[in-house]
Amino acid sequence: MEKITHKRMQYLRENIPDWHFPMLNDKQRNKVYDEAIGKVVNGKIIMDLGTGSGLLAMMAARGGARKVYAIEQNARLCQVAKAIIHKNGFEDVIHIIQKPVDDLTQDDIPLSVDVIITEIFDAGLLGEGCLKSIQKAKKFLTPKGLVLPKKAKIMGVLRTSNELRAKHLLPQHILGFDINPFLELRIHGALEKLNKEVSYDNLSEPTIIKTFDFNSLFSKEFACKVDFKIKNNGKIDCLGVWFTLYLDEVLTLENHPGSSLHWDQWLLFPPESIPAQKGDLVTIAFNNYGGRLIAEEWKINGKRRTFF
C-alpha cells in the first residue's frame, strides 16, 4: 500500500473534494439515476456532464449507449475515471474529455448528442454552476435531444431555532466590544450547511422558490421574489432550502428535511433574527451570485428589513 506523506495528502485533498465519497455511497441516488439512464440511452450518443468517477457514464455504457462523451475538468478525477472505466471494460464506449464545458468544441464532440446526463448539483441545486453548464452543453444536442434530469424545483421554508441563532447570527457586541464591521464580511443570505441534528420549528409552509425545465430555454441567471406567510409567532432565523430533481415523469430525488440522500440541508441566513407574527407576509428577493442562491432582500408586510 502506498505510504501517505503530508505532501501526498495535501495533493489528494486539493484535487478530489471529500463530498465525492458520500455521493458515490448514496444508494438511492445511484439506483434512481441508473434506472432513469437505462430507459433512454440504448443505441444513443451520450454526454455525461461532470463525470467525476465515471459512474453515470458507465451506467449509460451498460445501458447500451453507442458512445459516451464523459466531460470532466478536474485532471486528477479524469485519471481516476480512466482507471475505473478501463477496469470495468468500457474504454471502447466511453471517451473522457478533460475540459470545462465552456471550452468544448466540435473537434472534442464530433457526433451530435442524443442525451445529456448530469448530476452537477450541490445541496442548494445551483452551487456547482449547473444552469450555465447545462446551457452551454445543450449546443451539442440534436434537435430532439434530451437532458436528464428533465426538471428541478427549489423549495424553502422559514425557520426559528435557538441553536442556529446562537451559532450563526452574531450579535453586534461581544463582551462589550463592538464587532459590527466584522458582521459586514458575511454574505447575508449565503448558503451554509445545516447539521441535521439541529432542532428548529417552521414558521411558514414549504414554498416553491423556483422551478427549472432543463429541456426548454432558460436563463443561467434569475431573480425572483417569493412570499412566505407566517403561521406562528417567532423570530425568523433562517430559510431552509432543498430541491427536487425530476429525472423523468416517475423517478425523482428530493433532499428534503429528513432525507437520507447525501446532500446536506442548507440554510439562507438574514444578517439578524427578524421578529414576526402570525399572519405576517415575508417577501424575500432571491438571486444567484457566482452560481449560488442568495436571499438579498427580506421584507415583512412590504417593509424592507435587511438588504444584501
Check: Could you give all pairs that pass the side chain to side chain donor-acceptor pair (under 3.5 Å) test and reach residues 109-119, with sequence neighbours left out?
Finding: Arg29-Glu119
Margin query: For a quick test of reading the model, state the closest non-hydrogen atom pair linking Ile300 to Pro275 and the distance between them.
Written below: CD1-O, 3.4 Å
Checklist line | Close side-chain approach of Val241 and Leu293, heavy atoms under 4.5 Å | finding: yes
Note to self: Once salt bridge (Lys or Arg N to Asp or Glu O under 4.0 Å) is applied, do any residues pair with Glu205, and if so which ones, sequence neighbours excluded?
What the structure shows: Lys231
Next item on the list: Output all residues satisfying salt bridge (Lys or Arg N to Asp or Glu O under 4.0 Å) with Lys153, sequence neighbours left out; order by chain, then residue number.
Entry: none
Item checked: Residue list, side chain to side chain contact (heavy atoms under 4.5 Å, CB included) with Ile174, at least two apart or on another chain -> Pro171, Ile179
Check: With the 4.5 Å side-chain cut-off for hydrophobic clustering, are Leu24 and Val80 part of the same group?
Finding: yes
Margin query: Which residues pass the side chain to side chain contact (heavy atoms under 4.5 Å, CB included) test with Val32, not counting sequence neighbours?
Written below: Gln28, Leu247, Leu251, Leu253
Note to self: Quiz question: by atom type and distance under 3.5 Å, do the side chains of Ser259 and Glu254 form a donor-acceptor pair?
What the structure shows: no
Check: Among pairs that include at least one residue of residues 79-97, which meet salt bridge (Lys or Arg N to Asp or Glu O under 4.0 Å), considering only residues two or more places apart or in two chains?
Finding: none
Margin query: For a quick test of reading the model, state the closest non-hydrogen atom pair linking Ala276 to Ile236 and the distance between them.
Written below: CB-CD1, 3.9 Å
For residues 95-103, which side-chain donor-acceptor pairs fall under 3.5 Å, sequence neighbours excluded?
from: Lys99; atom 1: NZ; to: Asp108; atom 2: OD1; distance (Å): 3.3
from: Lys99; atom 1: NZ; to: Asp108; atom 2: OD2; distance (Å): 2.9
from: Asp102; atom 1: OD2; to: Lys132; atom 2: NZ; distance (Å): 3.3

Check: Please, which pairs that meet salt bridge (Lys or Arg N to Asp or Glu O under 4.0 Å) have at least one residue in residues 234-248, sequence neighbours excluded?
Finding: Lys39-Asp248, Arg165-Asp237
Next item on the list: May I have all residue pairs that pass ring pair (Phe, Tyr, Trp, His ring centres under 6.0 Å) and include part of residues 229-261, sequence neighbours excluded?
Entry: Phe243-Trp263
Notebook entry, point to check: What are the two closest heavy atoms between Val40 and Val115, and how far apart are they?
Noted result: O-CG2, 3.9 Å
Check: Which pair of non-hydrogen atoms, one from Asp264 and one from Trp266, has the smallest distance, and what is that distance?
Finding: O-CD1, 3.1 Å
Check: Which residue pairs satisfy the side chain to side chain donor-acceptor pair (under 3.5 Å) criterion with at least one member in residues 57-68, sequence neighbours excluded?
Finding: Asp34-Arg62
Check: Under 6.0 Å from the NZ atom of Lys151, do we count more than 12 heavy atoms belonging to anything else shown?
Finding: no
Note to self: Strictly by salt bridge (Lys or Arg N to Asp or Glu O under 4.0 Å), give each pair with a member in residues 43-57 just once, sequence neighbours left out.
What the structure shows: none
Note to self: Take a 6.0 Å sphere around NZ of Lys139 and say whether it holds more than 12 heavy atoms from other residues, nucleotides or ligands.
What the structure shows: yes
Notebook entry, point to check: Is the shortest heavy-atom distance from the side chain of Val282 to the side chain of Ile230 under 4.5 Å?
Noted result: yes
Check: Taking only residues two or more places apart in sequence or in another chain, which ones pass side chain to side chain donor-acceptor pair (under 3.5 Å) with Asp213?
Finding: Ser216
Checklist line | Minimum-distance pair of heavy atoms, taken over all atoms of Trp298 and Leu268 | finding: CH2-O, 3.8 Å
Margin query: Tell me the closest heavy-atom pair linking Val68 and Ala57, and the distance in Å.
Written below: CG1-CB, 3.8 Å
